[in-house]
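Everything on this sheet refers to the single structure shown next.
Keep in mind it's a predicted model, so treat the numbers as computed, not measured. Just the heavy atoms: all of them, side chains too, but no hydrogens, waters or symmetry mates, feed the values below.
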Amino acid sequence: MNYLETLNPKQAEAVLATEGPLLIVAGAGTGKTKTLTHRIYHLIHQGVHPRSILAITFTNKAAKEMRERVMHMLEADKGGTDQVRFHEVPLLCTFHSLGVRILRRFHQEAGLKKSFAILDSQDTMKIVKEAMEMLGINPKVHEPKKIRNFISSKKSDGFSAADFAKATHSAFTEIVTAVWTKYEELKSKESGVDFDDLLLKTLELLEKNIPVRKALQNEWKYIHIDEYQDTNQVQYRIVQLLAESHHNLCVVGDTDQNIYSWRGANLRNILNFEKDYPESQVILLEENYRSTKNILTAADEVIKKNTARIHKELRTKQGDGEKIKLFTAMNEGDEARHIAATAEELISKGNSPTEIAVLYRTNFQSRVLEEAFLHSGVPYQLLGTKFFERKEIKDTVAYIRAAFNRDGLSDIKRIINEPKRGLGPAAVAKVFSGMKTDLPPAQRRSYDAFESLLDLIANYASNHTPSELMRFVIEKSGFYDIYKNGTEDDHERLENLEELVTFATRYDTIEPEDEPLQKMLEDVALQSDQDQLDDANKKSGVKLMTIHSAKGLEFDYVFIGGLEQGLFPHDGFDEKKTIEDQEEERRLFYVALTRARKCLMLSYAMMRTIYGEQTFNMPSEFLADIPEEIIIREDSFGGDAPSPIKTVYLDW
């Protein structure tokens, strides 16, 4: 079995352990994707039908990479004895994509229309605001975003609106319950589901419908879960139910990289795996192929103070590498200028800008960094607005969704007067109140033309490819002429629409029975935070991003700025940090450190202006955990910088 020869002993052990529950504790840069893809290939090579294999990841980017690697291995083995088996492909997808697949397939059992619309964060925000308006709740007193996020958090914990109403009693929760109930009513009217519904409704279906549960258990006999430490309560239960028949469950994760508790990720899921499955096997992957020894030493020294973790020690066959550089700046401007100048120097020595990343704890830190990079002329890319969240993209996609779902009020409201067709707020209100016959003649003609356009789009879609349909919508809607003859910003919008057509071409070769248009719309709706990176990488520039956005990525050179006590670790807004919060901050720093392959450059500012007030800072306590012998200190003012705070834990 030649494919096993490329694995180290622990990776090979994980690949060969195919039966029963398996926990692979995979440290940063230890080749977990390689291990997973080889394990899937090994199962197929041993006679398991590909359709019996399910692998779930957290981002489309990770799912795509895994799928491509498995396909490459299968393509290389086409000369095997079982041509049919190797022609099939396992299901590799995200949790949300899996939810869509299950709910589309069993839509009647789930009480949904097959053509249900997937609502993004902007759509759900509009519906929450509408619910609050209908209930007479003042948005200035009760922030809609806070209520929306609270509802999402409770859904991640497995609560429905009815469950939550029974479980809580306070003034705030009564308001949340009322808004939540109305929100669900409005969503249902337009046959829409939000991201949380994709998981929660899937769980409810599996729990309540035994035939559906049994069918899926029999279909997927070998289940793999990537980033298991990031699963929330609903995802955890879905996995349990799918695996309860065969128990061939392989989960991969790292307690030290759990940084999404604010999204509902429950660290206990991976810590309790052996308790949930007493017969399970545990394999540690500790050989790091990414970073130098100095980087790993720093990371290990930082993370070992945490208690809620599965102990491991990363090691590497690479050399010590460069020492870690620590820069003390006078203020945030001084820090940003130093980072930009150092990046410029790295690029001048022949390093690619795309292999340089600047990471920071909070979004507001990006402003001064952008100013420094603009002033220095160093090319950069700020990972911010996602491609599919741009207005022109959402408008175009909304036309297609509305053409097939006339109940999709969010989509119709979005485009009914886009481009302008004389249908103002009063006219729109009449349309949605069922009073379109009361519209003035000109507005009535305009609305009839809008409905005819939606009919035209639906008919055109029946015998044309997704890319042809996309081009058709862009032209017939009027967007093409408007943006072509508009400002420079409009020209950029048109370029984005042209890129949307290019994106759609990847679905042109999908067989009609596999519903290529539906697949495209689902993929657009399920784009994750990291999926914008492929778009960003088309432009050569230093990447500026939060540490949360950088998880799963790696770069040759990594800057980590703002390493000040109170900023990182972050104190929040006068919140009392629990032990769990403190340990997550330490895990976040660990994740930042382990993004680097060759060199780490850390920095902090002695003074920083936050919320209009200048603060005087002490260096982050994390810096005191890094051995002094692997640090090179620098500053820009020649004085004595304060030493990092040494944290001492007393055991009384």
Side-chain angles (χ1 to χ4, degrees), residues 325-349 351-387 389-390 487-489 492 529 532-533 535-550 553 555-568 570-571 573 588-589 592 595-596 599-620 623 634-639 641:
K325 297 178 176 64
L326 175 58
F327 180 75
T328 302
M330 182 65 75
N331 54 42
E332 70 270 23
D334 185 26
E335 179 189 46
R337 286 189 292 273
H338 171 77
I339 290 173
T342 307
E344 184 175 26
E345 183 181 351
L346 288 170
I347 295 168
S348 70
K349 292 179 179 178
N351 296 292
S352 169
T354 58
E355 286 301 337
I356 304 172
V358 183
L359 310 182
Y360 37 85
R361 175 63 180 82
T362 58
N363 276 303
F364 80 82
Q365 292 171 256
S366 66
R367 184 195 62 79
V368 68
L369 286 164
E370 274 203 275
E371 287 181 0
F373 273 82
L374 283 168
H375 186 265
S376 65
V378 176
Y380 74 94
Q381 186 77 21
L382 178 69
L383 269 72
T385 303
K386 290 187 279 187
F387 179 79
E389 287 184 356
R390 294 182 171 112
T487 64
E488 285 299 316
D489 287 343
E492 185 177 339
D529 294 344
Q532 60 182 312
L533 189 68
D535 182 44
N537 274 335
K538 292 176 183 176
K539 301 177 182 178
S540 180
V542 176
K543 301 298 177 283
L544 276 58
M545 69 184 91
T546 64
I547 299 166
H548 284 98
S549 298
L553 307 178
F555 304 89
D556 285 345
Y557 299 90
V558 171
F559 294 87
I560 307 174
L563 282 164
E564 298 129 37
Q565 197 68 14
L567 180 55
F568 196 12
H570 197 259
D571 282 347
F573 298 94
L588 190 60
F589 187 48
R595 297 313 93 200
C599 186
L600 268 172
M601 288 153 286
L602 315 180
S603 59
Y604 67 94
M606 295 177 66
M607 294 181 291
R608 185 179 296 272
T609 302
I610 300 179
Y611 308 120
E613 294 185 6
Q614 193 172 71
T615 61
F616 293 86
N617 311 303
M618 292 297 289
S620 169
L623 295 175
E634 303 174 80
D635 62 53
S636 61
F637 43 88

Under the rule for salt bridge (charged side-chain N to carboxylate O under 4.0 Å, His left out), what residues qualify as partners of [X], not counting sequence neighbours?
X: E370; result: none
X: E345; result: K349
X: R595; result: none

How far does [atom1] of [X] sit from [atom2] of [Y], to the nearest 0.5 angstrom?
X: S603; Y: L623; atom1: OG; atom2: CG; result: 9.5 Å
X: M601; Y: L326; atom1: CE; atom2: CG; result: 12.5 Å
X: E344; Y: F373; atom1: CD; atom2: CZ; result: 9.5 Å
X: E332; Y: T615; atom1: CD; atom2: OG1; result: 8.0 Å
X: T328; Y: Y604; atom1: OG1; atom2: OH; result: 3.0 Å
X: L544; Y: S549; atom1: CG; atom2: OG; result: 11.5 Å

Please check this pair: side chain of [X] against backbone of [Y], looking for a donor-acceptor N/O pair closer than 3.5 Å.
X: E335; Y: G562; result: yes
X: D556; Y: E355; result: no
X: D334; Y: A605; result: no

* Please assess T342 against E634 for the test side chain to side chain contact (heavy atoms under 4.5 Å, CB included), listing each intermediate value before the final yes or no. => CA-CA 12 Å; T342 307; E634 303 174 80; over 6 Å; no

On a heavy-atom basis, which atom in [X] and which in [Y] lie closest, and how many Å separate them?
X: P353; Y: P379; answer: CG-CG, 4.4 Å
X: V378; Y: A340; answer: CG2-O, 3.7 Å
X: L600; Y: I560; answer: CD2-CD1, 4.0 Å
X: A343; Y: V542; answer: CB-CG2, 4.3 Å
X: F555; Y: T354; answer: CD2-O, 3.6 Å
X: V368; Y: G333; answer: CG2-CA, 3.9 Å

Listed partners of [X] passing side chain to side chain donor-acceptor pair (under 3.5 Å), at least two apart:
X: S366; value: none
X: S376; value: none
X: N363; value: none

* Knowing that exactly one of Q565, M606, R608 qualifies, which makes a side chain to side chain contact (heavy atoms under 4.5 Å, CB included) with N617? ->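 That would be R608; it is the only one of Q565, M606, R608 passing the side chain to side chain contact (heavy atoms under 4.5 Å, CB included) with N617.
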
* With sequence neighbours left out, what residues match T362 under side chain to side chain contact (heavy atoms under 4.5 Å, CB included)? ->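 Counting only residues at least two positions away or on another chain, T362 forms a side chain to side chain contact (heavy atoms under 4.5 Å, CB included) with F364, Q365, L567, H570.
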
* To do: Could you check if a side-chain atom of L553 sits within less than 4.5 angstrom of a side-chain atom of M545, using non-hydrogen atoms only?
  =>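 Yes, side chains in contact.
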
* With Y360, which residues qualify under ring-ring contact (aromatic ring centres under 6.0 Å, His included), at least two apart? ->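 Checked Y360 against ring-ring contact (aromatic ring centres under 6.0 Å, His included); zero matches.
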
* **Test ring-ring contact (aromatic ring centres under 6.0 Å, His included) applied to Y557 - qualifying residues, sequence neighbours left out** =>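 Y557: no ring-ring contact (aromatic ring centres under 6.0 Å, His included) contacts found.
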
* Mutual orientation of the aromatic rings belonging to F589 and F568 [parallel < 30°, tilted 30-60°, perpendicular > 60°] ->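 F589 and F568: perpendicular rings.
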
